[in-house]
Participant: 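So that we are looking at the same thing, I have put the structure below in structure tokens.
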Amino acid sequence: MLSSDRHPKVWVFAFLFYGTLLSGMSLCKSLGVYEPELKDLARLMGGDKWMHFFFSAGLSVLTLKASHSCFANCSEVFRIFVIVFLLLVILSVEEFLQLFSNNRAVDIRDVFFGMSGVLSGTGLYTLTNIGNKRVRFSSGTDFD
């Protein structure tokens, strides 16, 4: 078990920091502030679509890690389903809200790349966390 898994507040802090960073970047783009820097970041990540993919994947992993305490009495599958559903809705709404900004344009491909990122991040989280629990229980050893 990672030391950060013993201290779930680390994941909550990381989620809040990352979410604030993403919200700030979106707001800056909508306001036309730091536009050259944001374009450089998108270019560095392989383009605007890949930036949506990677940021969404990171957001899904951090959200799933940070949500353990909120869903303490629920099954793991239910928690993952709810988080993924909420992230997909939020991504879609955020893209739709760009209709009301002069500096932004709605692109359905952004939504698809963002959704692909959420699903990829969820798959990565599932493989690294739920898979480890099964190995731990079936082998009878604890990898602490």
Side-chain angles (χ1 to χ4, degrees), residues 1-137 142-144:
M1 182 180 277
L2 297 174
S3 62
S4 57
D5 288 340
R6 292 186 188 116
H7 304 287
K9 290 180 183 177
V10 170
W11 292 113
V12 173
F13 176 76
F15 163 73
L16 291 173
F17 178 78
Y18 192 73
T20 302
L21 179 71
L22 292 180
S23 299
M25 287 172 46
S26 181
L27 181 63
C28 284
K29 192 166 182 182
S30 294
L31 296 174
V33 180
Y34 297 114
E35 199 165 340
E37 289 84 356
L38 292 172
K39 286 183 180 178
D40 287 342
L41 178 62
R43 212 177 350 245
L44 181 69
M45 296 181 81
D48 177 56
K49 306 305 176 238
W50 286 108
M51 186 169 73
H52 281 272
F53 177 85
F54 290 121
F55 282 151
S56 297
L59 183 64
S60 72
V61 169
L62 285 175
T63 306
L64 289 165
K65 290 294 252 182
S67 66
H68 279 287
S69 59
C70 297
F71 291 89
N73 297 327
C74 297
S75 73
E76 189 79 7
V77 173
F78 178 75
R79 181 176 66 83
I80 291 172
F81 177 78
V82 168
I83 296 297
V84 168
F85 178 77
L86 289 175
L87 286 174
L88 294 178
V89 168
I90 290 168
L91 283 172
S92 301
V93 168
E94 196 273 332
E95 189 68 27
F96 172 75
L97 289 175
Q98 292 178 14
L99 284 171
F100 305 107
S101 174
N102 293 334
N103 297 330
R104 308 286 297 266
V106 176
D107 188 355
I108 194 69
R109 293 176 297 167
D110 289 345
V111 175
F112 289 134
F113 271 80
M115 288 181 172
S116 299
V118 168
L119 296 175
S120 296
T122 302
L124 178 67
Y125 170 83
T126 303
L127 288 173
T128 58
N129 288 289
I130 294 185
N132 285 341
K133 289 178 185 176
R134 287 191 183 142
V135 169
R136 212 178 292 148
F137 292 143
D142 192 9
F143 296 109
D144 240 357

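Values below: all heavy atoms of this structure, side chains included; hydrogens, waters and symmetry mates excluded.
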Participant: Hey, which of V61, I80, T63 is the one that makes side chain to side chain contact (heavy atoms under 4.5 Å, CB included) with T122?
Facilitator: I80

Participant: Distance check, rounded to the nearest 0.5 Å: L27 atom CG versus Y34 atom OH?
Facilitator: 12.0 Å

Participant: Measure across M25 and F55 and return the closest heavy-atom pair with its distance rounded to 0.1 Å.
Facilitator: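 Closest approach of M25 to F55, heavy atoms only: CE-CE1, 3.3 Å.
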
Participant: Of all heavy-atom pairs between S56 and G114, which one has the smallest distance, and what is that distance?
Facilitator: CB-O, 3.2 Å

Participant: For the OH atom on Y18, are there more than 12 heavy atoms of other groups (residues, nucleotides or ligands in this structure) within a distance under 6.0 Å?
Facilitator: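 More than 12 within 6.0 Å, yes.
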
Participant: Passes side chain to side chain contact (heavy atoms under 4.5 Å, CB included), D40 versus R43? Steps please.
Facilitator: CA-CA 5 Å; D40 287 342; R43 212 177 350 245; 2.5 Å; yes

Participant: So how far is it from S116 OG to L91 CG, rounded to the nearest 0.5 Å?
Facilitator: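 Output value for this atom pair is 10.5 Å.
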
Participant: Check whether any side-chain heavy atom of L62 lies under 4.5 Å from a side-chain heavy atom of W11, and answer yes or no.
Facilitator: yes

Participant: Please report the interatomic distance CZ(F78) to CD1(I83), rounded to the nearest 0.5 Å.
Facilitator: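 Output value for this atom pair is 9.5 Å.
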
Participant: On a heavy-atom basis, which atom in Q98 and which in A105 lie closest, and how many Å separate them?
Facilitator: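 Residues Q98 and A105, closest heavy atoms: OE1-O, 3.0 Å.
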
Participant: For E95, is there any backbone N or O sitting under 3.5 Å from a side-chain donor or acceptor partner on R104?
Facilitator: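 No, because the side chain of R104 does not come within donor-acceptor range (under 3.5 Å) of the backbone of E95.
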
Participant: Partners of S120 by side-chain contact (heavy atoms from CB on, under 4.5 Å), sequence neighbours excluded?
Facilitator: F53

Participant: Side chains of V84 and L119: closer than 4.5 Å at any heavy-atom pair?
Facilitator: yes

Participant: Looking at D107 and K49, what are the two nearest heavy atoms and their distance?
Facilitator: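 Reported closest heavy-atom pair: OD2-NZ, 2.7 Å.
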
Participant: For F85, which residues count as a ring pair (Phe, Tyr, Trp, His ring centres under 6.0 Å) partner, sequence neighbours excluded?
Facilitator: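 Applying ring pair (Phe, Tyr, Trp, His ring centres under 6.0 Å) to F85 gives none.
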
Participant: Given side chains that start at C-beta, do those of M115 and S92 come closer than 4.5 Å, heavy atoms only?
Facilitator: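 A side-chain contact under 4.5 Å exists here.
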
Participant: Restricting to salt bridge (Lys or Arg N to Asp or Glu O under 4.0 Å), what partner residues turn up for K29, sequence neighbours left out?
Facilitator: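 Only D48 meet the salt bridge (Lys or Arg N to Asp or Glu O under 4.0 Å) criterion with K29.
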
Participant: Nearest 0.5 angstrom please: M51 CE to D110 CG, how far?
Facilitator: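 M51 atom CE to D110 atom CG measures 8.5 Å (nearest 0.5 Å).
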
Participant: So how far is it from L21 CG to L16 CG, rounded to the nearest 0.5 Å?
Facilitator: 12.5 Å

Participant: Specify the closest pair of heavy atoms between L38 and V33, including all atoms of both residues, with the distance to one decimal.
Facilitator: CD1-O, 4.1 Å

Participant: Distance check, rounded to the nearest 0.5 Å: L22 atom CG versus F17 atom CZ?
Facilitator: 10.0 Å

Participant: Might you point out which heavy atoms bring G121 and S60 nearest each other, and give the distance in Å?
Facilitator: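 Looking at all heavy atoms of both residues, the shortest contact is CA-OG, 3.2 Å.
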
Participant: Aromatic rings Y125 and H68: how do their planes relate, parallel, tilted or perpendicular, breaks at 30° and 60°?
Facilitator: tilted

